[in-house]
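Chain naming here is simple, since letters A, B, ... match the order of the sequence lines and numbering starts at 1 in each.
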Amino acid sequence: MVALEPFVPGPRDPWDAEKAAHLLRRTGFGPLPEEVAASEAAGLQKTLEALFAFPPEPPEPPIFDEVRVAEARVDEAVAGLIRRGQRPAPGEHPELRPLVRDAQRAHGRAIVALTAWWLDRMARTPAPLQEKLTLFWHGHFTTSFGDVHDAVAMFVQNQMFRRHAAGNFGRLLAAVARDPAMLRYLNNAENRKGHPNENWARELMELFTMGIGHYTETDVKESARAWTGWTLRDWRTFAGRRTFAFKPALHDAGVKTFLGHTGPLDGTDVMRIILAHPATPRWIADRLVRFFASPAPDPAMVDGVAQVLQDTGYELRPALEALFRSRAFYQPPVMYAQVKSPVEYVVGAVRHLGIAAPDWERLALLLGPLGQRLFFPPTVAGWRGGTAWVNAGTLFARADLAASLIAGRAGPPDARAWGSLDSLLARFLGRSLPPHRRAVLARLNGSRPTPAVVHLVMTLPEYHVA
Amino acid sequence: MHSMMTRREFLTRGLTIVAAGSTAPMFLTRTAIALNNPWDHPLTASAPGRPDWPILVVVQMGGGNDGLNTVVPFAHDAYYRARPHLAVPQAQLLRLTDEVGLHPSLRSLKEAYDDGRVAIVQGVGYPNPNRSHFRSMEIWQTADPAGTGPRTGWLGRLFDSECPDCGQTAGITLSPDMPLALQGTSGRAIALEAPERFGFHPLPGAGTAELAAYRQLVAPVPGDGPMVDFLTHTAMNALVASSAMERIAGRLAGDAGSGYPQDPFAHKLRIVAELIAAGAPTRVYYVSLGGFDTHAAQAGRHDRLLETLGDGLGAFLKDLTRKGLQDRVLVMTFSEFGRRVAENASGGTDHGTAAPMFLVGGSAIPGMHGTHPSLTDLDQGDLKYRIDFRSVYATVLERWMGVESEGILGGRFPLVDMIAPLKRAGVSSSG
């Protein structure tokens with residue numbers, strides 16, 4: 001494999017505002033003109049250093065009080081029933097049912113608040129790449145609140161993605177394998193000796209590490225045996241369901257053969273074997289390149305990123321830096337080759353419109369019709385991305401969302417930030433517009449951009465492209 | 001109809017027109033859209049001279065439906081042995097034959113079966129089954145188990161090659177995403193969740209001037225990169241269908257309920273019925289019901305899913321009959337796979353293979369078709385399929401849609417006698 005050829009600025013191909021805007025769009029959410037100008041002035045190297053300067057994870061947001069109170073009531077009632085010699089099944093015992101329903105409602109409200117909290121971070125963080133990677137990992141190691149029903153567990157998982165965002169893939173994988181939300185989502189919490197559940201074992205290889213075609217059905221079955229006993233501490237309490245435990249009594253300690261390796265393998269062995277398999281760096285590289293560069297990636301680009309992953313023992317930062325530093329990253333097959341995801345569209349729109357304190361909870365709910373409800377990926381394969389983001393329905397839904405943002409329904413926009421038509425275009429698009437499209441806008445424009453012109457800019461084909 | 005440009009022609013000619021001048025193109029582009037817009041015809045069913053084309057409604061049961069607990073082989077002891085907790089007791093079944101019965105949640109479907117409206121094809125699958133949701137769903141949607149053909153959907157290829165007069169809304173999916181099944185090279189399907197919200201809404205006060213500007217802004221321009229080009233075409237397609245949707249939305253709002261259950265699946269079927277009744281120039285509707293991936297605690301969940309499916313389809317059939325459309329619409333259900341014969345330790349079932357398909361309405365030949373797969377002669381714990389799903393597709397294409405299936409499916413597949421031989425004109429011989 002050949003290393004990625006780096007971009008070297010020269011007189012004919014300088015580091016300019018268009019390239020800076022491209023890099024900042026891909027690594028963040030709707031860059032503003034001042035951010036693009038700063039990157040243009042600083043150059044690629046300094047921009048990358050700034051991009052990877054991640055702050056420590058934020059503290060837990062104050063949105064779980066109601067959840068904790070409701071959970072305590074359920075746990076108390078369960079404990080009471082157990083003391084009376086009963087074995088209550090949550091949700092079924094008549095004494096528990098109303099309390100469980102209250103707790104579920106509290107979690108339902110908390111997941112909206114958590115989505116709002118995350119969107120706000122995306123919009124305001126000094127390190128947007130940290131959030132962009134967190135979003136990438138959320139789509140990669142999918143887990144849906146729709147199956148887990150636990151907003152606290154989803155937050156814990158979200159923080160895990162943030163902590164490992166550009167760290168080491170092997171360590172991230174080891175954390176995911178013990179993540180309570182994942183253990184519940186893919187049923188490994190129920191995978192026990194003699195009664196294997198293959199859900200996690202299968203998706204681990206198919207979607208999370210290797211891709212289809214590198215293993216057999218037998219490998220899936222043997223891997224599932226290896227993962228038996230990787231479960232939750234205690235199903236009966238909320239805290240117990242949010243705590244990983246390895247339970248030797250549930251573990252199948254027998255001999256398994258997995259991808260040609262034979263022994264009394266357990267989950268750690270399976271991960272080690274998977275990480276040593278040549279398909280894995282290539283699969284991770286492919287996922288990263290599709291997300292950050294192009295939905296139809298050049299195999300050489302994937303190979304280059306895979307090589308760095310392999311050489312560094314799966315360090316993500318150097319692999320991503322090699323991609324963002326590469327010449328090919330700034331060329332036509334990559335530039336303007338992505339459709340903005342709904343999250344990029346919404347967070348970018350809020351920034352471009354200059355909405356200072358948006359009603360993020362409202363926007364969190366509006367993401368659904370656009371096709372990307374955070375914490376509710378549609379399937380275990382995550383969001384398909386690329387052109388799949390856009391169709392007749394979602395395109396109109398984006399236009400409606402833009403209209404409601406302009407009308408101030410999520411907070412007042414700052415019209416002073418828009419300036420003239422040309423500064424408006426520079427702010428929203430970061431590129432020039434074909435003369436004929438600019439002329440259509442100019443005809444509708446007043447001395448300053450009218451709301452209708454702003455709406456049309458936000459519904460331009462070019463505004464949906466990243 | 002012969003004067004209509006195909007979309008392919010429209011795309012190339014439209015671009016040439018745009019390239020030719022700087023002010024004229026908007027008008028011409030709009031004319032080209034109107035020329036190719038079957039929605040501009042009066043929206044009345046069975047208007048004189050208007051063809052009554054056959055309509056297919058595909059119902060996708062996402063996640064892998066447990067076929068064995070849907071059409072239950074109660075006469076096989078092996079079924080009860082393999083499923084000590086999940087087996088449906090014989091007394092509860094809605095008996096179809098001496099061998100099989102429907103799950104009790106499928107009451108409405110049983111009613112339709114007794115009315116002679118339901119064909120059940122048993123043991124449908126394909127060779128070397130794949131147990132990955134994504135790969136197997138891709139196989140069902142592309143009709144290409146080897147994965148060597150073009151990455152387009154079987155219905156997308158129907159629109160591409162066998163449906164020249166279908167216009168740009170040959171397929172409608174009632175979902176936010178476009179399923180691969182409807183994707184072809186000419187992009188003739190649209191995704192639509194709610195007709196009442198479907199359209200470009202200018203800002204209050206900006207009105208027609210903004211809408212006119214939007215039409216101009218989404219016209220293709222030479223030099224647009226591939227992604228901008230994709231977006232302009234998507235937007236033009238969307239504009240084409242939107243005005244008719246307003247009329248349909250009015251009908252939906254005017255007639256609340258109308259016998260459908262109150263759930264999103266039934267609501268989607270109701271929208272389909274209204275679109276058909278409005279004379280929408282659409283050949284294939286795609287409706288999904290998800291949640292069939294019952295690895296754990298299957299019993300209650302699967303019951304509710306089947307009830308949603310059966311009651312939704314039952315209401316849809318009654319509505320079509322009320323509208324006099326029952327013979328124009330065939331419903332076909334499928335899932336990416338069935339589930340393993342034996343239940344697992346979580347009160348659920350893991351990914352399996354063959355399963356039954358329902359064909360409802362249209363000219364479906366009522367009754368059971370094919371034989372139930374053996375419950376003892378298994379392949380690694382899974383059923384061996386009896387009928388290739390491409391045979392079912394071929395039969396639907398040839399005997400219902402009235403088109404050649406070989407080109408679409410990449411080969412000849414023996415037809416299944418579950419649809420009456422064709423008496424009507426085909427999909428492409430309209431007008």
Side-chain angles (χ1 to χ4, degrees), chain A residues 186-187 190-192 194-199 202-203 206-207 212 217 220-221 332 335-339 368-371 378-381 384 387-388 390-397 399-400 403 406-407 434-437 439-441 443-444 450-453 455-456 459-462 464-465, chain B residues 22 25-26 62-63 130-135 173 175-178 189-194 197-206 209-210 213-214 216-219 221-232 234-235 237-239 241-242 290 293 295-296 344-346 348 350-351 380:
Chain A
L186 288 183
N187 307 106
E190 294 136 68
N191 182 17
R192 57 194 169 91
H195 302 278
N197 187 308
E198 296 168 5
N199 211 5
R202 177 184 308 280
E203 309 305 4
E206 177 177 340
L207 297 169
I212 213 157
E217 278 299 310
V220 173
K221 292 196 167 85
M335 280 186 95
Y336 308 119
Q338 294 281 17
V339 177
L370 267 56
T379 70
V380 58
R384 270 160 70 201
T387 54
V390 175
N391 57 54
T394 56
L395 211 50
F396 286 151
D400 289 342
I406 292 166
H436 128 79
R437 287 202 183 106
V440 172
L441 292 170
R443 276 201 293 280
L444 267 187
T450 62
V453 167
H455 189 226
L456 287 167
T459 52
L460 277 171
E462 283 86 348
H464 296 295
V465 169
Chain B
S22 62
M26 297 319 118
N130 197 296
R131 290 165 186 81
S132 142
H133 290 292
F134 312 98
R135 183 64 198 126
T173 175
S175 58
D177 302 319
M178 181 63 62
I190 62 168
L192 169 75
E193 261 207 302
R197 287 203 304 272
F198 188 80
F200 181 87
H201 306 121
L203 289 186
E210 198 199 329
Y214 182 70
Q216 294 175 359
L217 288 168
V218 299
V221 171
D224 281 344
M227 212 39 91
V228 170
D229 197 52
F230 163 76
L231 279 151
T232 59
T234 305
N237 243 349
L239 284 171
S242 63
D293 195 17
H295 284 281
N344 67 19
S346 321
D350 291 325
H351 302 181
Q380 299 179 59

Residue from B:R131, B:H201, B:Q380, B:R135 scoring the most non-hydrogen pairs under 4.5 Å with chain A is B:R131
OH of B:Y214 to CG of A:L456, rounded to nearest 0.5 Å, is 9.0 Å
Apply side chain to side chain contact (heavy atoms under 4.5 Å, CB included) to B:V228 and A:Y336, showing your working. CA-CA 8 Å; B:V228 170; A:Y336 308 119; 6.0 Å; no
Have A:N187 and B:H295 got a donor and an acceptor in their side chains that come within less than 3.5 Å?
no
Counting heavy-atom pairs under 4.5 Å with chain A, the top scorer among B:P204, B:A235, B:S132 is B:S132
On a heavy-atom basis, the closest approach of A:N199 and B:H351 is OD1-NE2, 4.5 Å
Distance col, row B:T173:OG1 vs A:N391:CG, nearest 0.5 angstrom, shows 8.5 Å
Practice prompt. Evaluate the side chain to side chain contact (heavy atoms under 4.5 Å, CB included) criterion for residues A:I212 and B:N130: first the C-alpha distance (whole Å), next the side-chain angles of each, then the deciding distance (0.1 Å), finally the verdict.
Written response: CA-CA 10 Å; A:I212 213 157; B:N130 197 296; 4.1 Å; yes
Okay, A:P196 and chain B: the region with an atom under 4.5 Å from a heavy atom over there is backbone
Okay, B:F230 and chain A: the region with an atom under 4.5 Å from a heavy atom over there is side chain
Whatever's closer than 4.5 Å to a heavy atom in chain B on A:E190 counts as both
Indicate yes or no: at least one non-hydrogen side-chain atom of B:V221 is less than 4.5 angstrom from one of A:R437. yes
Between B:A213 and A:L444 the two heavy atoms that sit nearest each other are CB-CD1, 3.7 Å
Applying a strict 4.5 Å limit to non-hydrogen atoms, the region of A:L395 in contact with chain B is side chain
Looking only at A:H464, A:E462, A:H195, the option with the highest number of non-hydrogen pairs under 4.5 Å against chain B is A:H195
Here the pair of heavy atoms bringing B:L203 nearest to A:A452 is CD1-N, 3.6 Å
Nearest heavy-atom contact between B:M227 and A:A337 is CE-O, 3.0 Å
Nearest heavy-atom approach of B:E210 to A:H455 is OE2-ND1, 2.6 Å
Heaviest contributor of heavy-atom pairs below 4.5 Å to chain B, chosen from A:P434, A:A381, A:A403, A:G371, is A:A381
- Query: Going by an N to O cut-off under 4.0 Å, is there a salt bridge joining A:R202 and B:D350?
  - Reply: no
Evaluate side chain to side chain contact (heavy atoms under 4.5 Å, CB included) for B:L231 paired with A:V390, printing each intermediate quantity in order. CA-CA 8 Å; B:L231 279 151; A:V390 175; 3.6 Å; yes
Okay, A:L207 and chain B: the region with an atom under 4.5 Å from a heavy atom over there is side chain
Cut-off 4.5 Å, heavy atoms of chain B, and the answer for A:E217 is side chain
If you tally heavy-atom pairs under 4.5 Å between each of B:G348, B:A209, B:G199 and chain A, the highest tally belongs to B:G199
Of the listed B:G205, B:A238, B:G290, the one with the largest count of heavy-atom pairs under 4.5 Å with chain A is B:A238
Chain B shares the most heavy-atom pairs under 4.5 Å, among A:V380, A:T450, A:T394, A:I406, with A:V380
Smallest heavy-atom separation, A:A392 atom then B:T234 atom, equals N-CG2, 3.8 Å
> Which is it for A:E203 and B:H133 under the side chain to side chain contact (heavy atoms under 4.5 Å, CB included) test, yes or no, and what are the steps along the way?
Replying inline: CA-CA 10 Å; A:E203 309 305 4; B:H133 290 292; 3.9 Å; yes
